[in-house]
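Position 1 is the first residue of the sequence, and the numbers go up from there.
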Amino acid sequence: MNATRMVPSRGRRSFRSVRRTRVSACVIAVVLAVAGRTAAQEVPSVARVLATTQDVSSSDDVSLTSPTPTPFIDGYGGEDINLETAMAEWLQDQQRRQREEDEQKKVEPLVVGDRNTVFETKVSPTNVSAYSNLPTDQNDFVRVSGTRFLVGCPPTEYKIVGWNTYTLIEQAAEVPVGSFSADFSKRGKMQVLEMLDAAQLAGFNTVRTWAYNVGEYQPFQVEPGVYHEPSFNGLDWVLHQASKRGVKLILVLTDYWEHNGGVSQYQDWAAERNRGAPSLFFGPAQTTSSTASKSSFFSDPACKRMYKDNAKALIERVNTYTGVRYKNDPTIFAWELINEPRCRGCGDVLQNWIEEMAKYVKSLDSNHLLSTGEEGFYASDSRGSQRVNPEVWAATTGQDFIKNHAVPEIDFAVAHLWPDNWGVFTLGGSLGAEFTEEWIRVHARDSMRVLGKPFVLEEFGVVGGRGANSRGLFQAGGGFFGFGGAGGFFGGSSESTEETSVVANYYRDVYSLVERADSADRALRGSMFWTWHHEDLKPLAFGTDEYSVFTGDDAFEATKKHASVLRDSTPSRRGVRGFPCVRDNNGREVFAIGGIGYEE
């Protein structure tokens with residue numbers, strides 16, 4: 001089949017050195033036009049590209065003969081400068097101009113066109129220009145100061161209001177058979193645009209998604225180091241469109257649960273290589289050999305090598321729409337090592353893996369934040385509060401919330417909350433309700449007092465009608481860190497049961513925790529619900545993903561209200577001298593209190 005055809009690696013073209021006393025801008029334009037037509041004619045119709053430094057992303061810096069752009073129009077200065085240098089300088093000047101134009105524009109909801117809009121598909125560059133290596137303003141990246149997220153200069157606090165999704169790349173790549181066996185070939189990109197526009201209007205600022213496909217029939221990485229280029233192009237496009245709307249992405253590098261892009265796939269590849277068998281993978285997910293448990297992934301040298309290679313391919317990727325390398329793109333909020341890792345009875349092995357991979361990712365990308373992606377269970381010998389675990393089994397998963405997030409390269413702590421999946425609501429009565437409040441409270445406390453890092457509840461969800469109280473899950477007193485106030489932290493939903501749902505009430509109660517933590521300046525800096533799907537997928541997802549939320553649902557509206565509350569809040573920061581900028585335009589460090597900057 002055509003999808004299996006390999007793409008030959010094309011070497012870097014070199015420009016002949018041109019020594020002239022003067023070359024006009026017209027000549028440069030002609031060269032660019034001819035080169036563009038030639039490149040367009042040479043682009044093959046293929047599904048995959050090799051993940052080499054030339055085919056996917058090159059880390060080679062493009063050296064410039066002149067340290068600053070020339071003042072001549074179109075970038076070519078003339079005397080004794082070769083064409084390659086002139087082109088690099090021209091690209092540098094173009095990016096500067098684009099940056100200046102972007103700063104002058106206000107981000108507003110975009111008109112995405114009609115349902116028949118045709119989107120251009122681009123091809124990953126085989127020659128990497130100076131454009132992708134140009135420096136980015138470090139203040140554009142979200143960074144950590146104590147237990148806060150900051151962005152910009154003067155810096156403002158970044159409070160996460162977001163969602164999880166696992167279909168973004170499939171939709172953007174317009175794959176014909178994706179999750180739920182959905183056909184994204186006609187409306188995939190439009191679905192993404194409509195959701196991003198809705199997110200911007202609702203005040204959602206962060207989406208957590210997989211940096212791989214989970215659909216059975218179109219893997220993102222089809223064999224070690226070989227990628228389905230339309231899918232990679234889809235991720236490029238998502239980043240490009242999200243940046244226009246002020247939405248940032250948390251990208252997860254692999255998954256304990258899924259086969260495609262996950263632990264089992266790496267183990268299958270390692271086993272096939274050991275047997276000398278072909279490593280191509282197509283069709284429905286296969287089952288990993290029973291002789292190798294999933295836990296071996298964290299110690300297998302071949303699996304670790306392939307994981308690192310994939311991480312490098314992503315981090316060094318040059319976006320085909322923006323020309324910016326992923327590691328230089330502030331649209332990415334953070335990388336995550338793995339979704340919900342488990343290493344039963346081998347916590348030390350998992351800890352060593354987290355330490356090794358965190359160091360590796362940070363060695364490639366020091367711009368972006370990094371976290372684990374785990375559920376947040378406590379080991380039996382943890383310094384934290386293992387009593388908050390849902391059941392005894394949680395202490396055997398190999399996770400240790402404190403130890404895993406204490407790794408220096410891990411910038412912020414995360415936890416997930418699945419009371420239905422963990423069997424908590426089967427306890428009945430107030431016990432299930434009390435668990436949720438205690439789970440959030442303890443993790444936020446340990447993040448602040450023990451780790452000294454921000455904490456994000458990055459996954460949470462509930463299935464309605466399974467033991468949850470429809471008038472609000474949390475009605476016990478006690479408060480959160482002692483700031484619950486009279487009558488306890490929760491008092492149930494203020495809306496009548498006729499006007500809301502069990503799921504929406506659960507969302508409201510979780511958001512109330514986040515809002516009160518924010519007002520008291522605690523470590524809990526945001527939350528992300530699971531999961532938001534486009535309306536087109538409702539007939540397919542509604543019966544398959546029982547945690548699905550759709551635009552206009554009560555839970556969606558509760559999240560919009562929560563975003564508004566956080567956006568409008570101006571909490572007092574007692575005992576805080578200021579939040580540091582990286583540097584201002586004059587190279588001086590700047591601090592800010594309450595959004596007002598002052599110089600040191």
Problem set entry | Gap separating the NE2 atom of His368 from the CD1 atom of Ile250, nearest 0.5 angstrom | 11.5 Å

For this session: Taking only Lys NZ, Arg NE, NH1 and NH2, and the carboxylate oxygens of Asp or Glu, determine whether Glu229 and Arg317 approach each other closer than 4.0 Å.
Result: yes

For this session: Tell me, please, which residues at least two apart from His405 pass ring pair (Phe, Tyr, Trp, His ring centres under 6.0 Å).
Result: Phe401

For this session: Could you tell me whether the side chains of Thr372 and Asn404 share a donor-acceptor contact shorter than 3.5 Å?
Result: no

For this session: Cation-pi check, Arg525 to Phe412: give yes when NZ or CZ is under 6.0 Å from the six-membered ring centre and within 45° of the ring axis, no otherwise.
Result: no

Exercise. With Tyr307, which residues qualify under ring pair (Phe, Tyr, Trp, His ring centres under 6.0 Å), at least two apart?
Worked result: Trp353

Exercise. Side chains of Glu170 and Ser179: donor-acceptor distance under 3.5 Å anywhere?
Worked result: yes

Exercise. Should the pair Trp393 and Trp422 be assigned to parallel (<30°), tilted (30 to 60°) or perpendicular (>60°) ring geometry?
Worked result: perpendicular

For this session: Could you tell me whether the side chains of Tyr166 and Asp255 share a donor-acceptor contact shorter than 3.5 Å?
Result: no

Problem set entry | Residues forming a side-chain contact (heavy atoms from CB on, under 4.5 Å) with Met195, sequence neighbours excluded | Trp163, Trp532, His534

Problem set entry | Residues Asp521 and Arg148 bridged, charged N to O under 4.0 Å | yes

For this session: State whether Glu515 and Lys561 are salt-bridged, where the test is any N-O pair (Lys NZ or Arg NE/NH1/NH2 against Asp/Glu carboxylate O) under 4.0 Å.
Result: no

Exercise. Between the side chains of Asn339 and Arg208, is a donor N or O closer than 3.5 angstrom to an acceptor N or O?
Worked result: yes

Exercise. Judged by modelled atom types alone, do Asn310 and Tyr212 share a side-chain donor-acceptor pair under 3.5 Å?
Worked result: no

Problem set entry | Given Leu239, Asp329, Asp236, the one that forms side chain to side chain contact (heavy atoms under 4.5 Å, CB included) with Val324 | Asp329

Exercise. Between the side chains of Tyr511 and Thr559, does any donor sit under 3.5 Å from an acceptor?
Worked result: yes

Exercise. Pick from Leu168, Asn319, Val192: which one makes a side chain to side chain contact (heavy atoms under 4.5 Å, CB included) with Trp237?
Worked result: Val192

For this session: Identify the two heavy atoms, one from Ala555 and one from Ala504, that lie closest to each other, and give their separation to 0.1 Å.
Result: N-CB, 3.7 Å

Exercise. What pair of heavy atoms forms the shortest contact from Lys294 to Tyr256, and how long is it?
Worked result: NZ-O, 2.7 Å

Seminar exercise, completed: Closest heavy-atom pair, Gly261 versus Thr254, reported as atoms and distance to 0.1 Å, is O-OG1, 2.6 Å

Exercise. For the atom pair OG (Ser564) and CZ (Arg567), what is the distance rounded to the nearest 0.5 Å?
Worked result: 4.5 Å

For this session: Could you tell me the separation between the CG atom of Asn213 and the CD1 atom of Ile169, rounded to the nearest 0.5 Å?
Result: 5.5 Å

